[in-house]
Amino acid sequence: MGELAVSGTVGDELVAIGLGSCIGLALVDRASNVAGLAHVVLPESQGKTEPKAKFADLAVPDLIARLEAAGAVRRRLEAVLIGGARMFAVGASLDIGARNSEAVRDALTAQGIKIQAEEVGGNRGRTARVIVGSEISSQLAGGPRTSLMSLNGALGVRTPAGAA
Amino acid sequence: MTGRLTDMQLDALRELANISSGTAATSLSQMLGRDVDLNVPKAFALPLADAVDAAGDPTEEVTGIALAVEGNVPGAVLLLVPPAGAATLCGLLGVEPGTEVGDSALGEIGNILGAAYLMALSSMTGVEMLPGTPQVITDMLGAIVASVLAGAVGHGDIALVLDSELDITGEPCAISFMLLPDADGVNDLLAPLGLAEANA
């Protein structure tokens, strides 16, 4: 939670286990096989500066910078969102999951990054898994992995934005 | 800032948890007609990610019963029961586990335990804490604990967890009872004991 990982090694696995209201934000540059995953806990940092991955508004720019440092090209970055469930209406009685989704979405829009796939909302916990050069998947407790995006370069044919 | 809690403060919180969960265990025992064993509670203040890890294997499937806590020190009560334990509790109450009625019965256990615990805690500290409506969900432990803690911890870095374990004697049923006070409220619990944080 509130953690972030980046890898440019094909076959590396980045995993965020048990995402409830949290968001697993995956950003990938498929052409250069660089991928990152941030475990976002809350929508806004409200003056906090660390840990960056904990807050949507800080996590997005930080993840982009870390990916660029690992060799990713910014304009090729694509996003996948997993999590943001409403497990309980307990605590601040606010729907943190939905606010997290919205904040991550806003931060990505501000950076001009397109969301290619997402599995968010509902009331079930999920595990987000990024296998560099292979796929990004989401998994419910005790369920099978659902592939959300292929990271296999050979299959990574993309239509231009807006073509559909 | 709960990150600076001293050992003495944690000891005091553990003692509050001990007495409160004793009261809760008595209520549970009366409700089920069984003896209930109570282990020495744990009190820890940890960064969010570590607190979730401390609660157990994040991939393990558990039933969580959560109640919002309202009042002077808001927060949440979270009970975690492994599936076998949840089935045992349902069996003792004569309802089918995994059904709406079963979940409702588990919610009622959460209600009774939560109310007894908070009443004991309130009477010791003079701090008003009232239980909300219980919600029951079965999912990955990590997802349940993280979601409840995220609300309690908010923008602080440290989660305070008071964790008591209640075992139904002779049954494979261990209930983990956790009180998760909001970060700012800890001082209010410690103040009546003369242990408020010096640097708060």
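Residue numbers begin at 1 in each chain, while the letters A, B, ... track the order of the sequences.
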#### Entry: B/M124 CE: over 12 foreign heavy atoms closer than 6.0 Å
yes
dist B/N187:CG -> B/L195:CG (nearest 0.5 Å) comes out at 10.0 Å
So, B/D163 and B/S176: side-chain donor and acceptor under 3.5 Å apart, yes or no? yes
Next on the checklist: Does either side chain, that of A/D29 or that of A/S32, offer a donor lying less than 3.5 Å from an acceptor on the other one?
Outcome noted: yes
query: Considering only heavy atoms from C-beta outward, does the side chain of B/N111 approach that of B/L67 to under 4.5 Å?
result: yes
Under 4.5 Å to a heavy atom of chain B? For A/T127 that would be both
When the 4.5 angstrom heavy-atom criterion is applied to A/E50 and chain B, the contacting part is backbone
Note: vs chain B, highest number of non-hydrogen pairs under 4.5 angstrom among A/H39, A/R124, A/E3 is A/R124
When the 4.5 angstrom heavy-atom criterion is applied to B/P74 and chain A, the contacting part is neither
Highest number of heavy-atom pairs under 4.5 Å with chain A among B/A143, B/P58, B/A146 belongs to B/A143
Test side chain to side chain contact (heavy atoms under 4.5 Å, CB included), reference B/V62, set B/L80, B/D139, B/D57, B/V145, output is B/L80
*Looking just at side-chain N and O atoms, do A/D12 and A/S7 make a donor-acceptor pair shorter than 3.5 Å?*
yes
Among B/V52, B/I144, B/D53, the residue with the most heavy-atom pairs under 4.5 Å to chain A is B/I144
When the 4.5 angstrom heavy-atom criterion is applied to A/L19 and chain B, the contacting part is backbone
TODO: Please tell me if the side chains of B/K42 and B/L162 come closer than 4.5 Å, counting only heavy atoms from C-beta onward.
DONE: no
Would you call A/E135-A/R129 a salt bridge at under 4.0 Å N-O?
-> no
Those residues of residues 136-149 of chain A that come under 4.5 Å of chain B on a heavy-atom basis, listed by number, are A/Q139, A/L140, A/A141
